[in-house]
Structures are given as structure tokens and as C-alpha cells.
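For clarity, every value in this text was computed on a predicted model and none was experimentally measured. Order of the sequence lines sets the chain letters (A, B, ...), proteins ahead of strands, with each chain counted from 1.
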Amino acid sequence: MRIRCPYCGERSVDEFVAMGPADLARPAADAPDEAFFAYVYERENPRGAHRELYYHAYGCHAWLAVSRDTLLHEVRTAEPMMPIEAEGETP
Amino acid sequence: MRFSALALVWEALNGNKGWRPQWRDASPKDAYDVVIVGGGGHGLATAHYLAKVHGITNVAVLEKGYVGSGNVGRNTTIIRSNYLLPPNTAFYEWSLKLWEGLEQDINYNAMVSQRGVLNLFHSDAQRDAFARRGNAMRLHGIDAELIDRDGVRRLAPLVDLDNARFPVKGGLFQPRGGTVRHDAVAWGFARAADSRGVDICQNCEVTGIRVEQGRVTGVETTKGFVRAKKVGLAAAGNSSRVAAMAGLRLPIESHVLQAFVSEGIKPLVDTVVTFGAGHFYVSQSDKGGLVFGGDIDGYNSYAQRGGLGLVENVMEEAVAMMPALGRLRVLRNWGGIMDMSMDGSPIIGTTPIDGLFLNAGWCYGGFKATPASGWCFAHTIATGAPHALNAGFRLDRFATGALIDEKGAGANPAHH
């Protein structure tokens, strides 16, 4: 598997650390226990299209949201999870 | 037909013309008392114990491929019961006891070989942790020996005790651990269940689970609808998909685990040896090939094949632990899909749906659990409530917080 990092170009998946599903939304602090249970433990675990987080540990250290097929191991898109501010714009 | 030395001699003298298929290739009937989804080791063992222990023989095992095509034929064949936490310790020891009597029970040569399992440790902290685990085992009446470097040298002479980075300080040895021929486990349980009237239906994929008013009524399959009073799910890496057919979301992710076998050589590795400074385990099959493996690849997968990065990692660990293995050639490698649970421990029990039972979340450790998993799952299905041995493996433990996290890795399935 190879992932096209938007900053570094196409790299081996071995440069990245898989960090799990990309679309888990953390519940509000006052949400009921059931919402936190679902957030922490329950997983969609699809066979096919999956959007997940990859950390480019042996590269630019970016967090990427990668769309990948879990059956075919086909990487479709990789985009920055959090856009990196241009120099001078960081607060 | 019963297998025996006499039968062997008889068939040898009569041109081996009397052997018969070991089980019927059944088509599903319209209705059953119990339908098991998944004809792997756990599903077939469940059917065997349902029939033998509980007298429930109107049972079908539905398998989407063929018997032995899934994880029961993809593991590294190791059995052991060296666990620390209470539900695991007693459960896996029961499994090891069942392994010890399995061949007589099912009249099948599964080549159960109690050659011992040696876990190496490489630091004082790891020695303390292993001593604690060994003590927990001995308190449960399980065999465990903390051995020093000389002991390691005697048991596994090939181990590089003086590895510059990970020197070996000793090991925790369980003499009753060992290996079993995994294909024979699948075939033996299939034959034993079949002989008591269980229908084993291959190439019969479950495509839906019918639930009416909170109660399961049957399963849709590629060979039509099958009515069932009770349904047990034992689908390993596909557990999330099967459970989703009944509207359940599981605390499970599916990951790929690779395994390897080398060319056949003369006896070289006498016990199962595991590397404590990484994650690597090796044994030698009776045919001579070294069977070994390491970690999961780390990303969600249903592909039954992994990547080369992990292959390199496993080979590095192999030569770090036993440098002589560097001269061997690897014959083949393959992948299996692990149902990685959120705390690293399995789930055997009831679900929120009446009549629907779940057996899943086996992570890396499903093979050694096969007999006890089937035994406990059969008890749970037959009586409607878990046995004391699997009461801790309930599905709702993730909501209540009664987790069984052997590794202390937290709610990240890739880390167990």
C-alpha cells in the first residue's frame, strides 16, 4: 500500500501509523454515558470503503484523512486532517 | 467409521477401499433448533459440544466457504494457558484441559503436542511481570516455571542470549503448552459433530438475520431462508458484518495478521519460543517447517493478505532472537482476519436480541481457545445463560466498564 501524502508525495504505508477511523465525533462533555460508550468502543468496521486517520510519523508528521478500501487495500484519497497554517499565520 | 489401529491395518490389507468421507456435505433444511453462523474451529466445536454435552442435535453449521478456509487454518497452531487476569486464566486452562483429552473425545488424531511454551524476558522489569504472571497461573493450579539463562540455553540452544540490544535474562516456561495440527482440529470437530447428526453446510453464506419483535427467527442464506429457534454467531473476522445484519454494532475492528512457514528442516526448535522484546513466536511443525508470526499490520483489513513492512519486521525479530534462522528460506506466508476487540479479550455470551448469541473478539488468540470457546458457547446457547467460565466475557462489559485488558493497552484494538 502506498499513500500520496499532500506534502511529501507518494510514500510507503510503512512511513505512516494507522490511527483508526477518521469520522468519530467526540460527544459534548454533558452527553449521556451511552454516547461516550458508542464513541469509545463501537466501530463501524466496514468491509470496503473506509475513511481513517494516518500519522506520517517517518515523514512530515502530518495527520491525514485517508479514504481506503479495507478489502482491496486500495488507497483513494489522502488529505490533510488539520490544515497547516502558512508561516507567519500561526497565532 | 471409528478410527483405530485395527481399522488402519484392516484398510491397509484391503487396498484402502473402505475409507468414507468424514462428514456429509449437507444442504440446509427448512428449520433447526440452533443455527451456527461460521464453520470454523469455534463454530464446529460449538456444534460438537451442543450435540455431545447438551443433547441438541438438530443443529446446522453454515459456512460461507469451506471448512478450514478461515482462521482455523491460518494460525500458528500454538496452545497455552499463561494468562494473568482471572476470567482468562481459568478459561484458557479449561481449554488446555480439553485439548489434552480432545483426540479421545472426537476419535481424531489432531497431533496435540505438549512440547512447552517458552516466553523469553529481557529486563528486570519484564522478569517481575513474568514472575507475577507465573504466580497467578500457579495459584490457579496451572504449570509455570520461571527459568534462568541456563534453563533457556537447555530448552532452546539457538537463542542468542547475549544479543547486544535485547540480552535474554530468562524465561517463563509452561511445559503443558505446545502445538496442535490446526486443520485436523477443524476436520475432527466437523466429523464428530456430523456423526451426532449436525448438518455442516459449506458454500452457504448468511446474508441476513431475521428478527421479529426482539426475537431471532432465522437466517437468510444464499441457499434460502433457514428458520431457527436460536442463532449463534461465530464469524471471527467477519463478526461485525454478521452482527450488523441484526442491527448490532460491536466493539471490534478487523485487522490482518500474517503467518509464515519455512522450508522443512531437521529438528531445530523443540518448544514454542516467543521473543519478549518484540512480538514474535516460532515453533517447528512435525513436518519440519518452522511456523512463525508477529504483529498485526495495524490498519483495518478484510483482505487476508498483509504488507511487506510487517514481513521485514517479523524477519528482523526472528534473526534477533535466533540468528541461525537467517540461513532458512521462507516457503510461504498468508494473512488471516482477526476480530480485534477493544480490550483484547473475547466476547462469548448473549446479545440484546432474544435467541441471538455472540462468539467474537478473539484477537490473536482464537486457536488455543477453540475447545473451551465451543464448550462455553454451547452451554450459553443451550441454557440461555453463560457458564461461570465465560460469564466475564459478556458483550456489555464495555458499557459497564468491567473490561479484561490483559495488556493494559486501552480502547485501541490495534494495540492488543
Side-chain angles (χ1 to χ4, degrees), chain A residues 1-5 8 10-27 31-59 63-78 81, chain B residues 64 235-245 247-256 295-313 316 335 337-343 347 352 360-361 395-403 405 410-415:
Chain A
M1 253 171 14
R2 294 175 77 77
I3 294 174
R4 188 174 291 282
C5 173
C8 314
E10 193 178 85
R11 297 299 175 96
S12 162
V13 72
D14 300 325
E15 287 188 11
F16 298 83
V17 182
M19 305 297 281
D23 299 319
L24 292 175
R26 188 186 175 87
D33 287 354
E34 292 74 32
F36 273 98
F37 160 67
Y39 167 67
V40 175
Y41 292 113
E42 289 187 340
R43 291 293 178 265
E44 186 67 34
N45 196 17
R47 181 176 182 262
H50 192 212
R51 217 168 90 91
E52 52 201 14
L53 286 175
Y54 278 85
Y55 170 54
H56 200 174
Y58 300 100
W63 285 70
L64 305 178
V66 174
S67 292
R68 191 180 62 94
D69 191 301
T70 61
L71 182 63
L72 306 173
H73 285 179
E74 190 179 273
V75 179
R76 291 181 182 138
T77 61
M81 191 61 187
Chain B
K64 75 177 162 66
N238 286 297
S239 293
S240 295
R241 295 174 63 217
V242 179
M245 295 171 189
L248 298 177
R249 270 170 76 92
L250 299 184
I252 285 176
E253 283 184 7
S254 296
H255 285 254
V256 59
D295 253 321
I296 51 176
D297 276 47
Y299 43 79
N300 287 41
S301 175
Y302 281 87
Q304 293 187 321
R305 59 185 162 78
L308 287 173
L310 202 283
V311 174
E312 187 179 4
N313 179 266
E316 282 170 355
I337 301 306
M338 309 292 108
D339 33 338
M340 302 297 294
S341 70
M342 285 289 177
D343 64 355
I347 300 159
L395 175 60
D396 65 9
R397 73 174 183 269
F398 299 93
T400 61
L403 302 175
D405 192 343
N412 188 335
H415 292 173

side-chain contact (heavy atoms from CB on, under 4.5 Å), that's the test. Do V256(B) and I337(B) meet it? Break it down for me. CA-CA 5 Å; V256(B) 59; I337(B) 301 306; 4.1 Å; yes
The interface call for Y54(A) against chain B, heavy-atom contacts under 4.5 Å, is side chain
Note: vs chain B, highest number of non-hydrogen pairs under 4.5 angstrom among A38(A), P46(A), S12(A), G48(A) is P46(A)
* Asked: Under 4.5 Å between any side-chain heavy atoms of H255(B) and N300(B), yes or no?
  -> yes
The interface call for L250(B) against chain A, heavy-atom contacts under 4.5 Å, is backbone
Under 4.5 Å to a heavy atom of chain B? For E44(A) that would be both
field: Criterion side-chain contact (heavy atoms from CB on, under 4.5 Å) on L403(B) and M342(B), from CA distance to verdict
entry: CA-CA 9 Å; L403(B) 302 175; M342(B) 285 289 177; over 6 Å; no
Next on the checklist: side-chain contact (heavy atoms from CB on, under 4.5 Å), that's the test. Do R2(A) and V75(A) meet it? Break it down for me.
Outcome noted: CA-CA 7 Å; R2(A) 294 175 77 77; V75(A) 179; over 6 Å; no
Closest heavy-atom pair, A411(B) versus Y41(A), reported as atoms and distance to 0.1 Å, is CB-CE2, 3.7 Å
So, the part of A399(B) with a heavy atom under 4.5 Å from chain A: the answer is both
So, the part of F37(A) with a heavy atom under 4.5 Å from chain B: the answer is side chain
Using the six-membered ring wherever Trp is involved, compare the ring planes of Y299(B) and H73(A) and label them parallel, tilted or perpendicular (cut-offs 30° and 60°). perpendicular
The reported gap from OG in S240(B) to CZ in R249(B) (rounded to nearest 0.5 angstrom) is 9.5 Å
Between A78(A) and I3(A) the two heavy atoms that sit nearest each other are CB-CG2, 3.9 Å
Whatever's closer than 4.5 Å to a heavy atom in chain A on D343(B) counts as neither
Exercise. Kindly say whether G307(B) contributes a backbone atom to a donor-acceptor pair with the side chain of D297(B) at under 3.5 angstrom?
Key: yes
So, the part of N45(A) with a heavy atom under 4.5 Å from chain B: the answer is both
Cut-off 4.5 Å, heavy atoms of chain A, and the answer for R241(B) is side chain
Cut-off 4.5 Å, heavy atoms of chain A, and the answer for L248(B) is neither
Check your understanding: In this structure, are over 12 heavy atoms from other groups packed under 6.0 Å from R4(A) atom CZ?
Key -> no
Those residues of residues 18-26 of chain A that come under 4.5 Å of chain B on a heavy-atom basis, listed by number, are A18(A), P21(A)
Check whether S254(B) reaches the backbone of G237(B) with its side chain - one donor and one acceptor, N or O, closer than 3.5 Å. yes
